[in-house]
Amino acid sequence: MHEFSIATEIIAAVERTVGAGARVQSVGLILGSLSGVNADSLTFCFTELAESCGMGRTELVIDARPARVRCRECGCDYETGDFMAGCPGCGVAAVEIVSGYECDIDTITYEEPEA
Amino acid sequence: MMETQGTAQTIKVKSPVMAKNDEIAAENRARLERLGLVGVNIMSSPGSGKTTLLETMARRYGTSMAVIEGDVQTSRDAERVRSAGCLAHQIETRGSCHLDAKMVSDALAAMPINPAVHRLLIVENVGNLICPSSYDLGEHLRIGLLSVTEGDDKVLKYPALFSRINVLLISKSDLLPHLEFDTARAMEECRAINAHVDAFVLSSRTGEGMDAFYDYLDAAVAKVRAGRDAAQ
Ligand SMILES: Nc1nc2c(ncn2[C@@H]2O[C@H](COP(=O)(O)OP(=O)(O)OP(=O)(O)O)[C@@H](O)[C@H]2O)c(=O)[nH]1
Ligand SMILES: [Mg+2]
Ligand SMILES: [Zn+2]
């Protein structure tokens, strides 16, 4: 359960990018299935924290991505949630994980603080 | 990229949430390399035998091993390692389920590390198979410990961890005769998602399998030392 620290990191990064005091409408987050982060609890932590930090009612828009792997036997690329299921091309279960660990801030929608 | 809607604007940032952590981790790694130390991050579920392994390793490495202990609460593990003869620093995370690079950086700053004496900096992470795997601490080697009492099916339940370790240690092997733990299965599942993992089956209690693991660590130390000497 480290969603609270992830939410804190996201808010700090958003403040560094758009400046503290900006009203932030939404933050887009890319979240891989191997990120170790639970989307629901992250959303809960984030929404609470954003409001208490004065960003407003900020929506966290999560783009959930499955793991992408490359078969080490035949080289074909596929998405999977079951690493032992075997490659759709050759049936062998031996992969290199290409993506799925990501937890990246993708977009920030905000209003500049009033001068 | 920028688009406006009313007074609001959307900017594309594409920045990893861990960017700051990773930056500090890179500094930790560089610092260890300047000192000629190999950083090792040991991760496992609670009670898999991390501290017992360190106590056993202390008999081989003695004062050349420095240890950072991460626990949610208490300094018991640091005391155990200190009694075994090593420099040990306890981080109490006070609720946090993992260590991060900043905590390790602060610990390193507080530890009297002596490049003439120390060869290994071992970090015992908080017992947890999920959260620690997302945080680079600045280690050179990531070790995942899986004790035979946990069951041979655990690797694929925690792929984020086991796909990114350098070394799999199957621990408490002295208990194998009493259990149905298929070491080949655990190793095979780990290799299925991690092409380069090195695996060892060992017991801190009996010392079985420890020598092969020591050879591996010695080679890692020699490599970092050679890198430092070449840079000087
Ligand atoms: N039989 C046997 N028992 C072991 C071995 N290694 C550890 N144990 C036992 O396992 C229990 C937990 O060991 P620890 O070394 O404290 O485990 P840990 O991973 O450091 O635990 P946390 O720091 O709390 O996560 C203790 O009772 C140890 O005596 C081993 O090789 N064989
Ligand atoms: Mg311990
Ligand atoms: Zn294939």
Discussion item. Is there a side-chain contact (heavy atoms from CB on, under 4.5 Å) between K14(B) and I30(A)? Walk through the geometry before answering.
Written reply: CA-CA 9 Å; K14(B) 201 87 179 118; I30(A) 298 173; 3.6 Å; yes
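- One finds the CE atom of M18(B) at 3.5 Å from the CD1 atom of I6(A) (value rounded to the nearest 0.5 Å).
- Among all heavy-atom pairs drawn from R72(A) and R191(B), the shortest one is NH2-O, 2.8 Å.
- Between T7(B) and E112(A) the shortest side-chain heavy-atom distance does not fall below 4.5 Å.
- For the pair S134(B) and S35(A), the tightest heavy-atom approach, listed with the atom from each and the gap, is OG-O, 3.3 Å.
- In this structure, the side chains of F83(A) and S163(B) stay at 4.5 Å or more apart for every pair of heavy atoms.
- When each of V17(B), N194(B), I193(B) is checked for heavy-atom pairs under 4.5 Å with chain A, V17(B) comes out on top.
- Contact record, L34(A) with R164(B): O-NH2, 4.2 Å, taken as the closest heavy-atom pair.
- When the shell of 6.0 Å around CZ of R185(B) is examined, it contains more than 12 heavy atoms from other residues, nucleotides or ligands.
- Residues D104(A) and P16(B) approach most closely at OD1-CA, 3.3 Å, considering heavy atoms.
- Neither the backbone nor the side chain of S26(A) comes within less than 4.5 Å of any heavy atom in chain B.
- Taken from NZ in K12(B) to CD1 in I108(A), the straight-line distance is 11.5 Å, to the nearest 0.5 Å.
- Put simply, of S96(B), A192(B), A160(B), A19(B), the one with the most heavy-atom pairs under 4.5 Å next to chain A is A192(B).
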